[in-house]
Structures are given as C-alpha cells and as structure tokens.
Amino acid sequence: MTTAAGRFAPSPTGDLHLGNLRTALVAWLSARSQGLDFIVRMEDLDRVTSSVAFEQAQCEALTALGIDFDGEVVRQSDRFHLYAAAIDELTAQGRTYECFCTRREIREASSAPQGLEAPEGLYPATCRTLSTDQRAQFVQQGRPSALRLRADEQVIEIIDEIRGPVRAAIDDVVLRRNDGVAAYNLAVVVDDAAQHVAEVVRGDDLLSSTPRQVMLQRLLGLPTPRYRHVPLVLGSDGVRLAKRHGAVTLAQLAERGISPQQVRAMLASSLGLSDEGESPTARELLRRFDVQPLPREPWVLPPHLQRSVP
Ligand code: GLU
C-alpha cells in the first residue's frame with residue numbers, strides 16, 4: 001500500500017473498551033474525512049499477552065461500529081526484521097549502548113537528589129559511561145542488557161493538533177528490551193513510516209512518548225506524521241477506563257441491551273458530533289467531523305454504565 005493513511009494500532013491483549021473504541025472512531029473519522037486510507041496494525045510485540053482471538057474480536061468490534069479499514073491487518077510480530085534493521089542503522093551511527101539497569105535501579109537513580117530533577121521514568125543514562133570492566137562484570141553476572149539510544153539530551157517540541165505544542169526533554173530511550181524484543185517507540189516509528197502513515201490519532205496517554213518518536217524519525221531519516229491525541233475516557237473515580245469500571249466492551253454493553261449503533265451514538269455524542277436521542281450512521285458522522293471542536297477534556301463514563309457498588 002502506498003497511499004497516505006491514518007491508523008489504529010491496538011495491542012491484541014483484551015477486548016477493546018469504550019476508550020479504545022472512541023479513539024478508533026476519531027482516528028477513522030479523521031482519516032476518512034480527509035480521503036486517507038485507514039489501516040489497522042496489531043501491536044503484538046508482547047507475545048505472552050497477545051492473541052489471535054483478541055485480534056479477531058477487536059476487528060469485529062470495529063466493524064460493528066461501522067469502522068472499515070484497508071488492506072490486510074499487519075502484525076508487529078511479523079516485522080521484527082524491520083526493527084532490527086533500524087536498530088542496526090542507529091548502531092552504525094554510533095548512537096546505541098547497552099544498558100544493564102533494572103527498573104528498580106532506574107527508579108532509584110532518577111529520583112536521587114543530585115542536580116537536575118528528572119521526570120519519573122526518565123532514564124538518567126547510568127550505563128552510557130560504563131567502563132569495559134564494568135560492562136564485562138555485568139555480562140559475567142549474567143545480567144541481561146537492553147539497547148538504548150544515545151540521545152544527547154535534546155529537547156524536542158511537537159505541535160499536536162488537539163493538544164497544542166508539547167515540549168519534552170528526550171532521554172536515552174530503549175530501542176531493544178532486555179528480552180531481545182524491539183521496544184514500542186522504535187517499532188511504532190518504523191511501522192508508521194513503512195505504512196505511509198500521514199496522521200497518528202491515538203489516546204493522549206501517548207502524548208509524552210511522541211517527542212521521543214519524533215527524534216527517532218529524525219535520526220532514521222523518516223517523515224514525521226501529523227499528531228492528534230485524543231483525551232482519554234475515565235471511570236467515575238477519575239482513573240483511566242478499565243474493565244472493573246463496569247460495562248465497557250461491546251459484549252458487556254450488549255448484555256445491557258445496548259446495540260453497537262447505540263454505542264456509536266453515545267461515542268458520537270461524547271465527541272460533540274451528535275445530539276442526545278440521535279443515532280447517526282458512520283457515514284453521517286463523517287460528514288459532520290471536524291477536528292477543531294473535539295473536546296479537550298477526558299470523557300467520564302456515563303453513570304448508568306458504571307459498575308454499581310454493592
Ligand atoms: N499499541 C498502543 C496501545 O494499544 C498504541 C500505539 C500507538 O497508537 O502509537 O496503546
């Protein structure tokens with residue numbers, strides 16, 4: 001496929017819930033309303049939790065809402081060679097190093113009261129300056145190593161078309177995890193470019209990863225797509241939507257007598273695209289779609305769908 005595309009890239013590790021479905025609907029509306037192709041990519045890097053059954057269920061849920069897509073569904077697990085080639089390219093640029101740190105060591109090091117404050121999770125580059133001896137010692141201890149990017153402490157600013165400008169310090173992001181699997185940020189950048197993704201519409205929990213992805217695009221000579229990050233759906237407790245919140249998947253909603261058409265109407269209304277009591281088709285929503293008036297705030301799951309507290 002060589003046509004510019006929008007995409008939805010779920011991890012096939014469970015049924016899609018209202019939050020995922022709402023993001024998928026916006027991604028589809030955004031792509032189709034601009035005449036872009038729309039592709040689905042299964043982000044199944046995690047071989048333990050991903051399954052073909054979830055893949056199928058996710059595709060069926062999209063179809064039930066009227067979200068169609070072009071071409072075959074692509075799986076990241078079929079594309080490890082592409083990620084390896086990109087990692088080789090960065091290594092040839094002298095941009096990578098092995099990191100033996102455990103999660104705990106990183107947490108402790110990045111919260112150490114020395115000099116600049118580092119946001120949580122930002123890697124303090126401990127292994128960047130390992131001596132040959134230290135490295136050999138870790139290898140001898142049998143510590144597995146991840147591969148990290150030498151990022152040279154850049155700050156990157158992106159403009160998100162929903163959230164506005166985002167500026168972030170870039171840390172030495174993981175390219176290959178210590179189990180040998182390509183890391184999400186690397187894989188997503190390689191795939192978006194290979195699949196001619198012109199626009200990335202996804203949940204705004206990934207907004208903070210975007211500057212890292214843009215840096216990887218620049219280093220690999222790949223184009224930067226347009227970004228539109230959609231506010232998340234929350235439960236009444238203010239926490240990101242999950243199964244425990246109540247009726248959140250199409251199957252659970254069907255048990256309460258709510259059809260996919262009614263779910264689409266509910267999602268459309270949460271996006272300001274339809275009024276209460278209306279049941280617009282997916283095509284009708286396409287005619288109405290505009291990115292500018294989309295809500296900037298998270299959507300809280302309606303009370304009648306929340307799990308009742310016994
Ligand atoms: N696979 C990621 C998720 O399910 C989305 C990645 C992306 O859209 O870039 O949260």
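Just so we're clear, the structure is a prediction, and the values are computed from it rather than from any experiment. Residue numbers start at 1 and run along the sequence shown. Numbering of ligands and ligand atoms starts at 1, following listing order.
In summary, the atoms of ligand 1 found under 4.0 Å from a heavy atom of Y184, numbered by their order in the structure, are 6 (C), 7 (C), 9 (O). Interface atoms of ligand 1 facing V188, defined by a heavy-atom separation under 4.0 Å, are 9 (O). Those atoms of ligand 1 with a heavy atom of L206 less than 4.0 angstrom away are 5 (C), 6 (C), 7 (C).
Using 4.0 Å as the threshold, F8 has no heavy atom nearer than that to any atom of ligand 1. Close to ligand 1: R7, with a non-hydrogen atom less than 4.0 angstrom away.
Compare M42, R202, E43 by their heavy atoms: the one nearest to atom 6 (C) of ligand 1 is in E43.
For a threshold of 3.5 Å applied to N or O pairs, the pair formed by P10 and ligand 1 contains no separation below that value. Residue R41 has no nitrogen or oxygen atom sitting less than 3.5 Å from a nitrogen or oxygen atom of ligand 1, judged on distance alone.
Ion pairing between a basic and an acidic side chain is recognised when a charged N comes within 4.0 Å of a carboxylate O; R32 and D68 show such pairing. By the 4.0 Å N-to-carboxylate-O rule, D179 lies too far from R47 to be salt-bridged with it. Under the 4.0 Å criterion applied to side-chain N and carboxylate O atoms, R128 and D152 are assigned as salt-bridge partners. Ion pairing between E278 and R288 holds under the 4.0 Å rule for side-chain N and carboxylate O.
Tracing side-chain contacts under 4.5 Å through hydrophobic residues (I, L, V, M, F, W, Y), one reaches Y83 starting from L220; they form part of the same cluster.
If you run side chain to side chain contact (heavy atoms under 4.5 Å, CB included) between V166 and each of V214, L207, D204, I156, only L207 comes through. Just one residue in the list R163, R202, E161 forms a side chain to side chain donor-acceptor pair (under 3.5 Å) with H229, and that residue is R202.
With hydrogens left out, the protein atom closest to atom 5 (C) of ligand 1 is A9 O, 3.3 Å, a heavy atom.
Here D205 has no heavy atoms under 4.0 Å from ligand 1, in either its backbone or its side chain.
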